[in-house]
Participant: 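Could you have a look at this structure, given as structure tokens, before my questions?
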Amino acid sequence: MRPDLDSLALFLRAIEHGSLSKAAAESHMVLSAASRRLAILEEQLGVVLLNRTSKGVTPTGAGESLAMHARQILRDVDRMRADLSDYAQGATGRVRLHANASAMGQFLPDDVASFRQRYPEIRVSVEEHRSVYIVQAIRDRQADVGVITSEAADPALHFIPYRTDRLVAIVRQKHPWRGREVSFEELLDYDFVGLEDDSAISRTMEDAAMSARKVLRLRVRVKSFEAVCRMIEAGMGVGILPEGAAVAYRKEMKLRFINLTDAWASRRMYLCTRQEALSFPQRRLVDHLLARGMS
């Protein structure tokens, strides 16, 4: 016999609470029945999963390993149920869309909202990730369509030009630079606030500094556009962000945007898919996004 889902859930509750009695009560079972279930689970797997003492239970090494797998199994089952419930409610298809922060902070929400209005029977799940992870997710079939800022040399993937965005320099209102435009090389005399290492913008800045043969004084690294803007407002440095994504913070935080003269400041966004025939829902979404990008 294979372990059943209820027994796995009971096991996880037992180690989370450190108590079999609490796990039994939460599972609406009597203690003897819960104890018997876990004993059967150990017998099926051929290992001891719990250390039982008068103070409660703790996982053995094998128990810790099972807990990791059980959590993943139950998460996958929850996702499966959610997917199937969409079909039960009339959905005819589902598309997993992964997009980077630049797209999420600008045009993508409106583009997806208009798609859902036009095709309510197609469910679209949207997740935000770094471009490098999106490419891997498409490759590993963890996502169907991606929105990224650079192509990758991969014959298994297809990249379609979608939209463009523009990077600008962001400074606090009292910053000494007064011009309306600036080259990135000129900004390298100042401290910078940036995103984490794996972001496309961070890699672009590092490459540009290397080309200019100057040091990028990246003093602060944060996770979000808003955090970058708040650090700039506090006087921690200057930053480079997509204009459309940062414009919401401009007045609130008393920031100034300065146009960059560098060619790389104008970026191309791509839709990324696998190099194979798309399903009907995927094709519908890609066509809709491309049409929105051209409008």
Participant: Does the side chain of Ile122 come within less than 4.5 Å of Arg284's, by heavy atoms?
Facilitator: yes

Participant: Side chain to side chain contact (heavy atoms under 4.5 Å, CB included) with Ser35: which residues, sequence neighbours excluded?
Facilitator: Leu20

Participant: Between Glu185 and Lys214, is there a side-chain heavy-atom distance shorter than 4.5 Å?
Facilitator: yes

Participant: Are any side-chain N or O atoms of Asp140 and backbone N or O atoms of Gln142, one a donor and one an acceptor, separated by less than 3.5 Å?
Facilitator: no

Participant: Does NZ or CZ of Arg163 lie under 6.0 Å from the centre of the six-membered ring of Phe107, at an angle within 45° of the ring axis?
Facilitator: yes

Participant: If the test is salt bridge (charged side-chain N to carboxylate O under 4.0 Å, His left out), which one of Arg203, Lys223, Arg221 qualifies with Glu196?
Facilitator: Lys223

Participant: Considering only heavy atoms from C-beta outward, does the side chain of Leu38 approach that of Leu49 to under 4.5 Å?
Facilitator: no

Participant: Between Ala143 and Arg274, which heavy-atom pair has the shortest distance, and what is it?
Facilitator: O-NH1, 2.9 Å

Participant: Quick one: do Leu157 and Ile160 end up in the same hydrophobic cluster if we chain Ile, Leu, Val, Met, Phe, Trp and Tyr together by side-chain heavy atoms under 4.5 Å apart?
Facilitator: no

Participant: Is atom CE of Met236 surrounded by more than 12 heavy atoms (other residues, nucleotides or ligands) closer than 6.0 Å?
Facilitator: no

Participant: Would one find more than 12 heavy atoms of other residues, nucleotides or ligands at under 6.0 Å from atom CZ of Arg213?
Facilitator: no

Participant: Looking only at non-hydrogen atoms, find the nearest pair between Pro242 and Asp165 and report the distance.
Facilitator: CB-OD2, 3.6 Å

Participant: For atom CD of Glu43, is the number of surrounding heavy atoms from other residues, nucleotides or ligands below 6.0 Å larger than 12?
Facilitator: no

Participant: Determine, for Asp144 against Arg94, whether the closest basic-nitrogen to carboxylate-oxygen distance falls under 4.0 angstrom.
Facilitator: no

Participant: Without swapping roles, check the side chain of Asp262 against the backbone of Phe184 for a donor-acceptor pair under 3.5 Å.
Facilitator: yes

Participant: Does Ser266 use its side chain to pair, donor to acceptor, with the backbone of Ala263 at less than 3.5 Å?
Facilitator: no

Participant: Check this for me: Arg36, atom CZ, are more than 12 non-hydrogen atoms of other residues, nucleotides or ligands nearer than 6.0 Å?
Facilitator: no

Participant: Taking side chain to side chain contact (heavy atoms under 4.5 Å, CB included) as the test, write out the residues that go with Ala227, two or more places apart.
Facilitator: Val222, Ser224

Participant: Does Arg256 use its side chain to pair, donor to acceptor, with the backbone of His175 at less than 3.5 Å?
Facilitator: yes

Participant: Quick check: do Tyr119 and Pro281 have side-chain heavy atoms less than 4.5 Å from each other?
Facilitator: no

Participant: Does any pair with a residue in residues 48-73 pass salt bridge (Lys or Arg N to Asp or Glu O under 4.0 Å), and if so which ones, sequence neighbours excluded?
Facilitator: Glu42-Arg52

Participant: Can Leu108 be reached from Ile138 by stepping across I, L, V, M, F, W or Y side chains whose heavy atoms are under 4.5 Å apart?
Facilitator: no

Participant: Determine, using the 4.5 Å side-chain heavy-atom cutoff (strictly less than), whether Leu216 and Met210 are members of one ILVMFWY cluster.
Facilitator: no

Participant: If you define the side chain from C-beta out and look only at heavy atoms, does anything of Asp191 sit under 4.5 Å from Val220?
Facilitator: no

Participant: Is it the case that one hydrophobic cluster holds both Val126 and Val135, taking links as side-chain heavy atoms less than 4.5 Å apart, direct or via other members?
Facilitator: no

Participant: Flag the pair Arg230 and Glu226 as a salt bridge only when some basic side-chain nitrogen lies within less than 4.0 angstrom of an acidic carboxylate oxygen.
Facilitator: yes

Participant: Does the side chain of Leu187 come within less than 4.5 Å of Ile240's, by heavy atoms?
Facilitator: yes

Participant: Say whether Val124 and Leu278 are linked into one hydrophobic cluster, either directly or through other cluster members, by side-chain heavy-atom distances under 4.5 angstrom.
Facilitator: yes

Participant: Are Arg267 and Ser102 linked by a side-chain donor-acceptor pair shorter than 3.5 Å?
Facilitator: yes

Participant: If we ignore hydrogens and angles and just use 3.5 Å, is the side chain of His17 paired with the main-chain N or O of Ser19 as donor and acceptor?
Facilitator: no

Participant: To the nearest 0.5 Å, how far apart are CD in Glu26 and CG in Leu12?
Facilitator: 11.0 Å

Participant: List the atom of Val147, the atom of Ala103, and the distance in Å for their closest heavy-atom pair.
Facilitator: CG1-CB, 3.6 Å

Participant: Do the charged groups of Arg141 and Glu276 touch, with an N to O distance under 4.0 Å?
Facilitator: yes

Participant: Donor-acceptor pair, Ser7 side chain versus Leu41 backbone, under 3.5 Å?
Facilitator: no

Participant: Ignoring hydrogens and angles, tell me if any N or O in the side chain of Ser202 forms a donor-acceptor pair with the backbone of Leu195 under 3.5 Å.
Facilitator: yes

Participant: Would you find more than 12 non-hydrogen atoms of other residues, nucleotides or ligands less than 6.0 Å from Arg75 atom CZ?
Facilitator: yes

Participant: Is there a side-chain contact between Leu167 and Trp264, using heavy atoms and a 4.5 Å cut-off?
Facilitator: yes

Participant: More than 12 foreign heavy atoms under 6.0 Å from CE of Met104: is that the case here?
Facilitator: yes

Participant: Quick one: pull up CD in Gln173 and CE in Met253 and give me the separation to the nearest 0.5 Å.
Facilitator: 12.5 Å

Participant: Keeping Arg217 on the side-chain end and Asp189 on the backbone end, is there a donor-acceptor pair under 3.5 Å?
Facilitator: yes

Participant: Give me the atom names and distance for the closest heavy-atom approach of Tyr249 to Cys229.
Facilitator: CD1-SG, 3.7 Å

Participant: Is there side-chain contact between Pro155 and Gln275, with heavy atoms separated by less than 4.5 Å?
Facilitator: no

Participant: Tell me, yes or no, whether the heavy-atom count around Glu16 atom CD, taken from other residues, nucleotides or ligands under 6.0 Å, exceeds 12.
Facilitator: yes

